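Labels below follow one simple rule: chain letters A, B, ... track the order of the sequence lines, proteins then strands, and each chain is numbered from 1. Since this is a predicted model, take the numbers as computed values, not measurements. Both backbone and side-chain heavy atoms feed into the values below; hydrogens, waters and symmetry mates do not.
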Amino acid sequence: MEYDFREIERKWRKFWADNQVFKVEDNLAKPKYYVLDMFPYPSGAGLHVGHPLGYIASDIYARYKRLKGFNVLHPMGYDSFGLPAEQYAIQTGQHPEETTKENILRYRDQMDQVGFSFDWSREVRTSNPDYYKWTQWIFSQLFDCYYDENQNKAVRINQLIAEFNRAGNVNVKATHDCDRVFSAQEWSGFNATQKEAILQQYRLAFLADSWVNWCPALGTVLANDEVINGLSERGSHPVEQKLMRQWSMRIKAYAERLLNGLEKLDWTDSIKDQQRNWIGKSQGCSVIFETEDQQNSIEVFTTRPDTIFGVSFLVLAPEHPLVKSLTTAEFSEKAEEYIRVSSLKTERDRQANVKNISGQFIGSYAVHPFTGEKVELWIGDYVLASYGTGAVMAVPCGDQRDWDFARHFNIEIKNIFESVDISEGAHTEKEGKIAASDFLTGMTVSDAMNAAIQKIEEKQIGKGKTNFRLRDAVFSRQRYWGEPFPVYYKEGLPHIIDAKYLPIELPEVEKYLPTEDGKPPLGNAQVWAWDTVDNQVVDNINIDNQTVFPLELNTMPGWAGSSWYFLRYMDPHNHAEFVSKEKVDYWKNVDLYIGGSEHATGHLLYARFWTKFLYDLEYISFDEPFQKMINQGMILGRSSFVYRLPNGKYVSYNQINGQDVVPIHVDISMVDNDKLDIEAFKNWRSDYANAEFILEEDGSYICGHEVEKMSKSKFNVQTPDELIEKFGADTLRMYEMFLGPLEQSKPWDTKGIGGVHNFLRKLWRLFHDQEGNLMILDDAPSAESLKTLHKTIQKITTDLEKFSFNTGVSNFMICVNELTEQKCHHRLVLRDLLLLLSPYAPHITEELWEKMGYESGSINFTAFPTFNPEYLVESAFSYPVSFNGKVRFTVELPADMSKEDIEKHILGLEQTQKQLDGNQPKKMIVVPGRIVNVVV
RNA sequence: GCCCGGGUGGCGGAAUUGGUAGACGCGCUGGAUUCAAAAUCCAGUACUGCAAGGUGUGCGGGUUCGAUUCCCGCCCCGGGUACCA
C-alpha cells in the first residue's frame, strides 16, 4: 500500500474532531502548560503560508508537552473587531459581522487542514457579545480605580474620595493630571460636576481633552503605536494633531513596573529594548528659572543638571502656556507668526524638517538660579509641549541641538568642559571634567550631576525627577466595529452602566460612516439611549435627560479585546466572571507565546498593563501575561518576472544580455522551477494572448525572480491549501519547519518541499515490505539500530527544548536514512520513532500507530521516549590529527585510551613522521574524544 | 544618528558555544532500473590544481596549539526608533 496522505489526513482529522481528542479539562492533578499563539484578525484574504508558521511551531511544542505528561492548554480564537471589515461595510453595506463570520469560516477551514491540536471548544472571538461583555467590565474596573503611588498599585476610587473628604488632596500620592491642591473643606464645597471633573484626573480610565493623532482619511483617532512616520499604520494616510475629548488609559502609572517587569521575562532583547525605548525612562531633575520681572517662573526638565552653568538660553514649546505673557510687545507679532506657522505643521512636517532650525526670541529674560545672569527666552518647535515640562534649558556646549540652535541664531556658546574643543560641535559624551562652574568645577560628570541635584534641592529651585516618554493611551475610536463603552452621559458627565446589565451590544446602524455633523458612526443608531429605570438600551426618542440618557458614541480600540483574551481561554463559557479564580490559579500565565514582533509596543505593552491592573485588584495571581515568547520571522514571497523588450517581445531571463527590458510580475502559479507555462501566461490576460517570446535554447522560457513581501499585487502569494492538496499537511508542517530557524525571516520557496515529502514516503516504506504490506518484526533490534534511535531521541529532545525545529527535521531524515540502510523493521525502534515524530507529522504517525496495533488516536497521549545513553557508548574514536592546526589525517583509537598513550601512539605513526619531515614536535595537544594537535 | 539582529557553497541552512567547516534538504552532473517516463536506487558536487597541495565562514588586525565561534577597528544587509531635553 502506498502512502495515501489524502485519505490518511482526512481520516484522522475527522477522528480528532469526532472524538474531541484535543479538548482539555481543567485537570488540577496534572502539571499545566499553556502554549498560545497570537490570535489572528480574520481578513478577507485568508491565510498564506506565512501565517501557519508560528502555529505549526506552537502545535509541535504543545504535542510534545502532552507527550511529556503535561496538561496542555492550546487554544485559538479571533481578534475579530477591526478596521478592514468596517471599511468593507462602508463600501458594500454588508454588516461587518457577516463578513467577519465568513472570514472566520475560511480561516477555520484552512487551519483545520493543517491538523492543529487546538481545543476549539475554548474558541474566543473579541466581537462576540459574550466576550466583549467582559472587555466592557474591565473598562469599568479601570474607571473605578486610581493609582496609589504609596502602595504602588491600583486602588478603588472610593478610597480616594474618602481621603478627599478627610483631608483634600494635600497628602495624596497618586498618578494624576490634577494641577490644583484642595482641602477637605474645598472638596465638600464642590458640586457633583466639579468633583467628577477632578476624579477624572485620577481614574485609570478617564475622559480628557487631549492632543490626539487624528486621521481624517480614516475618520478616527489613532494610538501612538498606530502611527508610523506620521502616517497611519493601516492605509498610510496622513495624521494630524487635534485636541479632542477622548477616553484614555493612564498607562503612565504603570511605566516603572512595565519597565522593571521586563527583567524576568524570557523574551528577545530586541523586543525588550523596543519596550524600554517606548517607555523611555530618563532620570534628571527639574529646575525652576524665575523670570527677570519675578512675575513668573519657568520649570524645565534636564538630564544634565551638571551642565547648569553652561545654560545660555531657555527654549519653550510654542504651545507653552506662559509664552503669551512672557512675550514683549516688541516681539509679539513675530512670536505670534511663529506660533501660527508651527501649529500648522503636522507631526510629519516637523519630522521631515528635522534639520531645519527654527525659533523666535520673545523679548524677555529669565534669571540663572546660580549666577543671576540674564538668560534669553526663546520659543522653538524642537521643544515638545507634551514631553517633560515643555521647556528646556539650552546648553549648547553639551547638546547638539542646542549647539545648532545657538550657532544659527548667533547666541553665545559657553564652554564648561575641561580641555574639550567645542568649536565644531557639542561635547555630548558624559565624560571628562566640568570647568568654569562654581561649586561643580573640577568634578567628573557623574559627581557633578549628584552635586548639582543636591544643591538644586537645597535651594528649593527644583528636584531630582524621573520622566517617561510613555504617554497615556487614547482609548476612543470613532468607529462602528468595536466594543461599545458601557457609558451614558448625564449632565455631560460619564456614568458607568452597572456590570449586571452588560454586555451593551452594538446597535444596528444604517450607515457605517460618521454622521453629517461629524459624530462617530454610532451617532447613526436609532436605538442608542440608556434607560436608568428599566436598565436597558432604548430608542433615542425617549431621551429626556431625567431617566433616559444618551450613550457614548465612540467605541474601544482594537487593542482592548486582545489585552486579556489569553485569560478568557481558561474559562471561556463563564457567565458570572471574566475568569474564575480557581481556573486562573491553575492555568496561570502563558508559558510559551508565539507571534510576530510587530506587536512589540502595542499589544504586548497593553496586555502587560491590563494584567498588572487585574493583579492589583487580586483577580489574578500573576502580573506578567507571557513568560516566554518567540517571535517567528516573516516568510517572504518569491516573485517571478517576465521581461518585455521595447519591441514588445518577451525575452527569457538568460537571453537578456544587458538589453533594456521591463520586468513584469507574473503569477507564481504559472511558474515551475523558474520555467514559465507559456500557454497559461497567454491565457492569463487578454493583452498577453498574442505574446511573442525569445526563448532559451531548449525552447523554454526562464523567469527571473526576486524576494519580496507576499502580496496579492505581486502575484507571489502562496496559500497553504494548494500545497496541502498536492503534498499533504504533514509535509507542509515539516517543510515550514525545515525552511530555517523559526525566528528568522526567510524567502518562501517551494522547490525543497519534494524532499520533505520524500522523507515521509521513505518513513512509510520503513513500515512496509516491498509489496507494500505492513512489516513489523518483534525480535530484538540490532545495537546499531538502537544507537540510531537513541541518538535521535537525544537530538530531537534537545532540539525541541531549544525550539530548533529545523534541525529537528534534519535529524529525523538522518534517522530514517540510517534505519532504511539498516533495513530495520523492529517494533521497539519504530514505535519510539513514531512517538518522536508525532508532534511534527501527526497524521501519518497516527495511521502507522494504529496499523502497528496500538490504540487509535492515543499517540499524542502516550509518553515521549526517553534517552538511554548506554546505547551510544562508543568503543573507539576516530581522532583527527592536525599539525599546527591543520588536519592531515584521522586515526582510529580506543575511546578509553589515555592522553599519554595517544601521544605515544601518534608519534610512532609513519604518517606523523612524514608530516614532521625530520623536525621535532614542540608540543602536543591531546583532547580526549576530540582532537590531537601537533605543534611543530 | 542611536538600539537590536544578521553576513558560511549555485540555493535554504548545519556546526556539541574554542576542537575534522559545509550536517540535512534542494539544485546540478554521471550511472543503474525502464520500451519510455514517473518513481526508486547508487556515485559525485566549496573554490583552485593533473596531482601532492594550496585557499576558504563580509573585510583588516589580534588572542590561542587551534577561531565561523573570543577581542579591536571597518564594510554591507534586515528590523526598530528619534528634535524626548
Side-chain angles (χ1 to χ4, degrees), chain A residues 2 228-229 268-274 276-278 280-282 284 300-304 307 315 317 350-351 353-358 380-384 386-395 398-402 404-405 428 467-471 597-598 600-601 631 633-634 636 673-674 734-735 738-741 743-756 758-759 761-762 765 794-795 798 804 806-815 817 820 878-890 921-927 929-936:
Chain A
E2 268 294 292
I228 293 164
N229 292 329
T268 63
D269 288 337
S270 158
I271 297 268
K272 285 194 198 179
D273 274 342
Q274 281 181 54
R276 285 191 192 107
N277 291 338
W278 192 259
K281 179 176 180 173
S282 56
V300 304
F301 174 73
T302 180
T303 54
R304 296 293 305 273
T307 64
V315 187
R350 281 205 193 186
Q351 281 175 0
N353 297 321
V354 163
K355 295 268 132 54
N356 275 0
I357 296 159
S358 75
D381 64 11
Y382 80 93
V383 177
L384 306 177
S386 51
Y387 182 77
T389 60
V392 302
M393 57 176 223
V395 183
D399 182 287
Q400 192 56 45
R401 289 154 314 165
D402 295 346
D404 292 339
F405 196 89
T428 55
N467 244 331
F468 292 96
R469 201 186 79 107
L470 185 73
R471 314 282 173 82
S597 56
E598 67 273 20
T601 51
N631 308 108
M634 200 180 357
L636 300 163
N673 258 338
D674 289 339
M734 293 197 84
Y735 185 56
F738 190 52
L739 237 36
E743 305 88 337
Q744 221 171 76
S745 58
K746 52 228 157 195
W748 177 259
D749 192 337
T750 324
K751 267 191 200 160
I753 197 167
V756 174
N758 277 345
F759 157 77
R761 291 156 49 108
K762 207 165 173 179
R765 285 200 297 275
Q794 187 189 28
K795 288 198 159 159
T798 52
S804 179
N806 55 327
T807 52
V809 178
S810 297
N811 285 320
F812 281 122
M813 288 172 170
I814 293 168
C815 174
N817 287 345
T820 301
S878 176
Y879 278 93
V881 182
S882 52
F883 293 80
N884 292 334
K886 291 193 189 299
V887 178
R888 295 300 165 181
F889 56 86
T890 57
K922 254 192 218 158
K923 196 174 166 188
M924 261 185 100
I925 314 278
V926 177
V927 186
R930 277 278 147 82
I931 198 172
V932 177
N933 191 17
V934 185
V935 186
V936 187

Please list each protein N or O that sits under 3.5 Å from an N or O in nucleotides 14-24 of chain B, with the distance.
unit_1 : atom_1 : unit_2   : atom_2 : d
B:A14  : OP1    : A:Asn806 : ND2    : 2.9
B:U16  : O2     : A:Arg930 : NH2    : 3.4
B:U16  : N3     : A:Arg930 : NH2    : 3.2
B:A23  : N1     : A:Ser810 : OG     : 3.4

Between protein and nucleotides 30-33 of chain B, what N or O pairs are separated by less than 3.5 Å?
none

Between the protein and nucleotides 39-46 of chain B, which nitrogen or oxygen pairs come in under 3.5 angstrom?
unit_1 : atom_1 : unit_2   : atom_2 : d
B:A39  : O3'    : A:Arg761 : NH2    : 3.2
B:A39  : O2'    : A:Arg761 : NH2    : 3.3
B:U40  : OP1    : A:Asn758 : OD1    : 2.9

Using nucleotides 51-60 of chain B, report all nitrogen or oxygen pairs with the protein that are shorter than 3.5 Å.
unit_1 : atom_1 : unit_2   : atom_2 : d
B:G54  : OP2    : A:Arg888 : NH1    : 3.0

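With sequence neighbours excluded, no residue satisfies salt bridge (Lys or Arg N to Asp or Glu O under 4.0 Å) with A:Arg471. In this structure, the side chain to side chain contact (heavy atoms under 4.5 Å, CB included) partners of A:Leu636, at least two apart in sequence or on a different chain, are A:Met634, A:Val707. Evaluation of the side chain to side chain contact (heavy atoms under 4.5 Å, CB included) rule for A:Asn277 yields no partner, not counting sequence neighbours. Under the salt bridge (Lys or Arg N to Asp or Glu O under 4.0 Å) criterion, A:Arg276 pairs with A:Asp273, not counting sequence neighbours. A search for salt bridge (Lys or Arg N to Asp or Glu O under 4.0 Å) contacts involving A:Asp399 returns A:Arg401, not counting sequence neighbours. With sequence neighbours excluded, the residues that form a side chain to side chain contact (heavy atoms under 4.5 Å, CB included) with A:Glu743 are A:Ile630, A:Pro741.
In RNA chain B, runs of at least 3 consecutive Watson-Crick or G-U pairs, each pair with both distances below 3.5 Å, span B:1-7 with B:75-81, B:10-12 with B:24-26, B:27-32 with B:40-45, B:46-48 with B:53-55, B:58-62 with B:70-74.
Going from atom OH of A:Tyr382 over to atom C1' of B:A85 covers 8 Å, rounded to whole Å. When rounded to the nearest whole Å, the span between CG of A:Asp749 and C1' of B:C26 equals 8 Å. Atom CD of A:Glu743 and atom P of B:G13 are 12 Å apart (whole Å). A straight line from CH2 of A:Trp748 to P of B:C26 spans 15 Å, rounded to a whole angstrom. Atom CZ in A:Phe405 sits roughly 18 Å away from atom P in B:A85 (whole-Å rounding). Atom CZ of A:Arg401 is separated from atom C1' of B:C2 by 13 Å (rounded to the nearest Å). Rounded to a whole Å, the NZ atom of A:Lys746 is 8 Å from the P atom of B:G13. One interatomic measurement links the two molecules: CZ of A:Arg304 to P of B:C84, which rounds to 14 Å at whole-angstrom precision.
Nucleic acid contact for A:Val392: base, since at least one base atom lies under 4.0 Å from a heavy atom of the residue.
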Worksheet entry | Protein proximity profile, nucleotides 76-81 of chain B - base contact B, sugar-phosphate-only contact S, no contact -, cut-off 4.0 Å on heavy atoms | ----S-
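At a cut-off of 3.5 Å, with distance as the only test, no side-chain donor of A:Thr807 or A:Ser810 sits close to an acceptor on the other residue.
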